[in-house]
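In what follows, a single structure is set out as structure tokens and then discussed.
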Amino acid sequence: MIHRIPLIGLGLLLSGGLSACQFSPVEKAAYQQLEAQLRAQNWPAADATTLQVLLEVSDRDRAGWLTEADVAALDCSTLLAIDRLWTVHSQGQFGWSRQQQIWQAVGGQRGDYAPAVAVAFGAQVGWRESAAPQWRSYEALTFSTEAPAGHLPATTGNGVSGAVWGGVATLSQRLQTCQAPAIVTLLREDYYTECDRTPHTDRCRLKAAAERWGETADWGGAGLPQRLIELEQALAQQRWIAADKITRIVFDHYRQAQWAEFGDTDRHQLIPCYLLTAIDSLWMDYSQGHFGLTAQAERLADLKLLPAKNQPPSPEQMLVFFQAVDWSERLSDRSENPYRPTYDAVSPEQVPKGHYPYDMGYGFSTYSSGYYTSWRWSLNPSCGFNSAIR
């Protein structure tokens with residue numbers, strides 16, 4: 001079994017607290033009030049304040065509830081700051097991130113409210129009894145750490161108060177969109193943490209080259225985070241081919257940087273772990289574990305084809321893997337056989353496990369984008385995508 005770090009879980013690592021966010025004096029006072037309530041474990045007051053803040057920043061305090069459009073437009077700083085306060089002061093027991101994990105664990109999809117899933121979620125977090133035909137009243141909830149994980153906040157849930165249209169499903173969609181840039185920035189900083197001290201390593205030379213090609217801490221705001229949002233949108237709609245091409249475009253930033261810095265492109269080992277992890281998590285989440293680098297590594301492990309250290313795969317080994325994941329067009333090195341994926345807008349279960357991501361270019365031996373046929377075996381070994389256990 002291959003263990004990976006879920007992208008959503010990395011949101012809990014966000015640091016900086018309220019001081020890192022830019023709020024108006026009124027907003028800052030509200031967050032300070034919420035933080036004081038959570039620190040004192042005054043859960044009912046914190047729950048009420050949480051909803052009130054969302055209503056006020058959405059200009060919906062008179063209406064008393066949020067529409068789906070209101071949630072989609074929620075300020076990311078507001079959402080992430082509140083979620084972090086709940087997460088930190090409940091030691092991970094409460095908060096929207098925790099609710100999102102549970103929503104997905106019971107079969108829910110971000111942004112997709114399903115009544116049957118809502119019932120299963122309600123039973124899981126203690127908003128209803130498993131066998132009960134109705135939801136508990138708000139007054140009957142458990143406002144203590146004895147409550148089940150994900151029990152709070154409840155005012156923004158569904159089935160208890162109905163104050164947010166779509167409840168956890170709708171908030172989860174917005175939360176994920178907001179988290180992607182922050183998480184990528186955090187991962188990037190951690191991955192390159194030694195570069196001020198050791199600037200001449202291959203990893204740090206690649207960082208410098210990538211920055212010359214336009215990579216900044218957030219890739220200019222419209223770079224990598226935006227690409228990840230586009231990737232998630234394509235995956236959520238099961239537009240597998242579009243998602244495949246976005247994945248290659250992101251990787252190609254590093255191929256170009258490698259060529260500029262080292263004079264060759266056969267350095268897949270240098271594609272940074274933070275980038276591989278972010279992309280893999282999205283593929284795995286939206287395909288229910290069927291696509292992604294981790295899914296491919298599981299196939300390699302099942303076939304006993306995990307790469308030996310510093311040893312490329314043999315043509316026979318590549319053939320076995322290509323057949324297993326149905327990369328049939330890559331069974332020939334003839335450049336006149338272009339990349340023609342056929343699996344799109346279909347359930348992942350209808351496609352061989354590990355088929356995507358597939359497009360590292362359009363030719364064969366070099367795929368026109370400079371990636372060699374054995375690219376899947378030569379990814380950055382420190383990231384664990386070619387290992388049996390991560």
Side-chain angles (χ1 to χ4, degrees), residues 1-15 38 43 46-47 50 54 71 74 76 79-128 130 141-142 145-160 164 166-184 186-187 228-229 232 235-236 277-292 294-295 348 390:
M1 179 65 181
I2 293 177
H3 304 284
R4 65 192 182 89
I5 303 173
L7 185 63
I8 183 62
L10 294 170
L12 305 182
L13 299 177
L14 292 173
S15 60
L38 289 169
W43 306 115
D47 199 25
T50 295
L54 294 188
V71 175
L74 279 172
C76 285
L79 207 62
L80 292 173
I82 293 176
D83 184 52
R84 183 177 183 276
L85 287 177
W86 276 97
T87 299
V88 168
H89 291 291
S90 69
Q91 297 183 323
Q93 184 173 358
F94 302 142
W96 294 317
S97 288
R98 191 72 181 96
Q99 290 175 344
Q100 179 178 354
Q101 292 171 335
I102 296 170
W103 178 263
Q104 293 181 269
V106 297
Q109 299 292 322
R110 291 188 291 264
D112 182 15
Y113 177 83
V117 175
V119 168
F121 175 85
Q124 186 78 17
V125 301
W127 291 355
R128 61 182 290 153
S130 298
L141 297 183
T142 304
T145 53
E146 299 299 318
H151 194 70
L152 300 171
T155 52
T156 55
N158 49 335
V160 174
V164 174
V168 174
T170 309
L171 280 169
S172 293
Q173 181 71 20
R174 182 59 179 162
L175 190 66
Q176 176 67 10
T177 300
C178 291
Q179 283 176 328
I183 292 169
V184 170
L186 180 71
L187 289 171
L228 291 180
I229 291 171
E232 180 169 27
L235 291 170
T277 297
I279 288 177
D280 177 61
S281 291
L282 289 175
W283 275 101
M284 290 288 287
D285 285 347
Y286 280 96
S287 67
Q288 294 78 55
H290 213 71
F291 301 143
T294 296
R390 296 193 64 215

Please assess Thr170 against Tyr113 for the test side-chain contact (heavy atoms from CB on, under 4.5 Å), listing each intermediate value before the final yes or no. CA-CA 7 Å; Thr170 309; Tyr113 177 83; 5.6 Å; no
Chi angles and distances behind the side-chain contact (heavy atoms from CB on, under 4.5 Å) call for Thr156, Trp96: CA-CA 9 Å; Thr156 55; Trp96 294 317; 3.0 Å; yes
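Taking Ala46 as the reference, Leu34, Gln37, Leu38, Trp86 meet the side-chain contact (heavy atoms from CB on, under 4.5 Å) condition, with sequence neighbours excluded. Not counting sequence neighbours, the partners of Ala120 by the side-chain contact (heavy atoms from CB on, under 4.5 Å) test are Val106. Val125 is linked by a side-chain contact (heavy atoms from CB on, under 4.5 Å) to Ile102, Phe121, Trp127, counting only residues two or more places apart in sequence or in another chain. Among residues two or more places apart in sequence or in another chain, the side-chain hydrogen bond (donor to acceptor under 3.5 Å, both in side chains) test is passed with Trp43 by none.
When all heavy atoms of His151 and Leu141 are compared, the closest pair comes out as NE2-CB, 3.5 Å. Heavy-atom minimum distance, Gly292 versus Asp280: C-OD1, 3.4 Å. The minimum heavy-atom distance linking Ala154 with Asp47 is given by the pair N-OD1, 2.9 Å. The shortest heavy-atom contact between Ala295 and Gly289 is CB-O, 3.7 Å. The minimum heavy-atom distance linking Gly92 with Arg98 is given by the pair O-CD, 3.1 Å. Here the closest heavy-atom approach between residue Gln93 and residue Thr145 is recorded as NE2-O, 3.0 Å.
The line from CD1 of Ile82 to OG1 of Thr87 is 11.5 Å long, rounded to the nearest 0.5 Å. Taking OG of Ser97 as the start and CG of Leu175 as the end, the distance is 4.5 Å to the nearest 0.5 Å.
Inter-residue side-chain proximity for Val117 and Asp112 is flagged as unmet; no heavy-atom pair is nearer than 4.5 Å. In this structure, Pro153 and Gln99 have side chains that are in contact, with non-hydrogen atoms separated by less than 4.5 Å. Gln124 is not listed as a side-chain neighbour of Pro148, based on a closest heavy-atom distance of 4.5 Å or more. Between Val71 and Leu54 the shortest side-chain heavy-atom distance does not fall below 4.5 Å.
When atom types are taken as modelled, the side chain of Arg174 and the backbone of Leu74 share a donor-acceptor pair closer than 3.5 angstrom.
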